[in-house]
Amino acid sequence: MNDNSGNTQGPRLIGPPTEPEGAGRATSFTPREIVSELDRFIVGQNKAKRAVAIALRNRWRRHKVQAELRDEITPKNIIMIGPTGVGKTEIARRLSRLAQAPFVKVEASKFTEVGYVGRDVDSIVRDLVEASVRLVREEEMGKVRIRAAGLAEDRILDILVPAPRPPQGRPALGQFGLDIGLGGAAAASPSGTSEDPDQELRRHRQREDLRTKLREGHLDDEFIELQVMAQTNPMIEIFSTQGGMEEMEIKLQDMLQNLPGMGAGKKKTRKVRIREALELLADEEAAKLVDMDKVTREGKLRAEHDGIVFLDELDKIAGRQTAGHGPDVSREGVQRDLLPIVEGTTVQTKYGSVSTEHVLFIAAGAFHVAKPSDLIPELQGRFPIRVELSSLTRDDFVRILTEPENSLTRQYRELLATEGVELDYDDSAVKAIAESAAAINAKSENIGARRLHTIMEAMLDEISFSAPERGGERIVIDAAYVTEKLAPFMKDTDLSDFIL
């Protein structure tokens, strides 16, 4: 009996919210709104922000045009050029979250020309489709989260108050390892065949009492035994000097997972707290309620029409082929392999054929040694928008330390607050940190905003180490403290190169 009368409180939701934050609205952001959202986390680089904002808005516009023209509109790919640590990767990462679009970040230096040992460029598309299917699956599971939570709750109650069985096969309540003080389990009638009305009513009341306790969290720390689907992932690694073997690896893994005892349908018994059991069963029930055929179709379509690929370190494969040996021998070959992917081709994946014609590619590179013109002309032509990101100045470092919601100063303040230490910075300290970062970047290798991480770690080393013994203290960082802690590194350039 599944009557929830008397329980006004609904089933507890454990896991992600019913609807992902920003779902259904993100792609309709105007370019100005997109730039404003990026400004919350990234300082400066307005040209790059405007370029990606327009590109993202054009994805939305393309979906609105007439069907016969829609296929003719292809994305205008972007190259972001700038030194390391100025925000290229962060812009792409924040953009993908904002768009709620399938997104993968790959490094061009990890790929090799077909014929050499290494990853082939087709794996970019396979990774993108996997990310897209996972994104759609999470959205669909979020839609059925409330229903799944109710089903998980019922499964827990079925274990705590089992249905009556014949005496020779009926388990006792205590058999499940949970003593909840209900005065005994529901029992079968003397004939062992069914409950009489009083017993049925008594069992129903027990279930509803337990349901109330379950929803109020009173049973969270009790242990229970349950059977859950085993998560198995047989791994097969194929070594070959030829491309295309990753597809065979995927097929073999899928085949093994469908074998008896290897994957599908296999269950295992676990003894867990009821809090964890609710989460496990809710995920399992949500997965059952989701139509995976629909998820696969939608995931494939999203990858084809809304997918974003961030191709980092493009400068590492720039440079024309020259006679010789070593790791540079396949640079131009990787460019030739990337060309059809960027231009638009069809790649075979485990979910079927996927076209890359409408995938947006955002490439990035420092281009210290090589130049964008060192790429093969055909590849250059597929990246019509080029944006140069500027190096960070002292004023930029001050803004990075104070303006973003996830600023470093706030991160360290919250970290030390967990130890009971109140950390604060005055304006002079922030300026001193920024000046130190700019000075060390000028003297040694310019690593942009990443220099702030190393400086903050060096400056707060003593406080971080002794924080457990300093609970209740309030520590104010000023310019004098910053100068004292960073003086050894500012004086000795060689030492600062090694440590910072």
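Only this structure's heavy atoms are used, side chains among them; waters, hydrogens and symmetry mates stay out. Start at 1 with the first residue, then count along the sequence.
Here Asn77 pairs with nothing under the side-chain hydrogen bond (donor to acceptor under 3.5 Å, both in side chains) rule; sequence neighbours left out. Contacts of Asn58 classified as side-chain hydrogen bond (donor to acceptor under 3.5 Å, both in side chains), with partners at least two apart in sequence or in another chain: Arg61.
At distances below 3.5 Å, at least one donor-acceptor pair connects side-chain atoms of Glu33 with backbone N or O atoms of Thr30. Remark: the backbone N or O of Ile440 is paired with a side-chain donor or acceptor of Ser444 at under 3.5 angstrom. Checking side-chain atoms of Arg413 against main-chain N and O of Leu423 turns up a donor-acceptor pair under 3.5 Å. Side-chain atoms of Lys443 do not come within 3.5 Å of backbone N or O of Asn441 as any donor-acceptor pair. Using a distance-only test at 3.5 Å, with no hydrogens or angles considered, a donor-acceptor pair links the side chain of Thr418 to the main chain of Leu415. Judged by distance alone, with hydrogens and angles left aside, the side-chain atoms of Arg59 form a donor-acceptor pair with the main-chain N or O of His305 at under 3.5 Å. Side-chain atoms of Arg273 do not come within 3.5 Å of backbone N or O of Asp220 as any donor-acceptor pair. Within the 3.5 Å criterion, the main-chain N or O of Arg126 finds no donor-acceptor partner in the side chain of Thr349. With hydrogens and angles disregarded, a donor-acceptor distance shorter than 3.5 Å links the side chain of Thr356 to the backbone of Ile341. Formation of a donor-acceptor pair under 3.5 Å by the Thr483 side chain with backbone atoms of Ala479 is found in this model.
The closest side-chain heavy-atom distance from Arg451 to Asn446 is not below 4.5 Å. The shortest distance between side-chain heavy atoms of Tyr425 and Asp427 does not fall below 4.5 Å. Between Phe103 and Leu128 there is no side-chain heavy-atom pair separated by less than 4.5 Å. Leu486 places a side-chain heavy atom less than 4.5 Å from the side chain of Ile455. The shortest distance between side-chain heavy atoms of Ile124 and Leu338 falls below 4.5 Å.
When the options Asp337, Val121, Asp122 are evaluated for a side chain to side chain contact (heavy atoms under 4.5 Å, CB included) with Phe111, the one that passes is Val121. When each of Val129, Val133, Leu135 is tested with Pro102 by the rule side chain to side chain contact (heavy atoms under 4.5 Å, CB included), just one qualifies, namely Leu135.
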Donor-acceptor pairs under 3.5 Å, side chain of residues 38-48 to any protein atom, not counting sequence neighbours: which ones?
residue : atom : partner : partner atom : Å
Asp39   : OD1  : Lys49   : NZ           : 2.5
Arg40   : NE   : Glu405  : OE2          : 2.8
Arg40   : NH1  : Glu37   : OE1          : 2.7
Arg40   : NH2  : Glu405  : OE1          : 2.9
Arg40   : NH2  : Glu405  : OE2          : 3.0
Gln45   : OE1  : Ser390  : N            : 3.1
Gln45   : NE2  : Val86   : O            : 3.3
Gln45   : NE2  : Ser390  : O            : 2.9

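How far CG of Leu289 is from CZ of Arg147: 4.5 Å, rounded to the nearest 0.5 Å.
Heavy atoms only, all atoms of each residue included: Arg450 and Gly85 are closest at NH1-N, 2.8 Å.
Side-chain contact of Asp306 with His63: a donor-acceptor pair under 3.5 Å is present, judged by distance alone.
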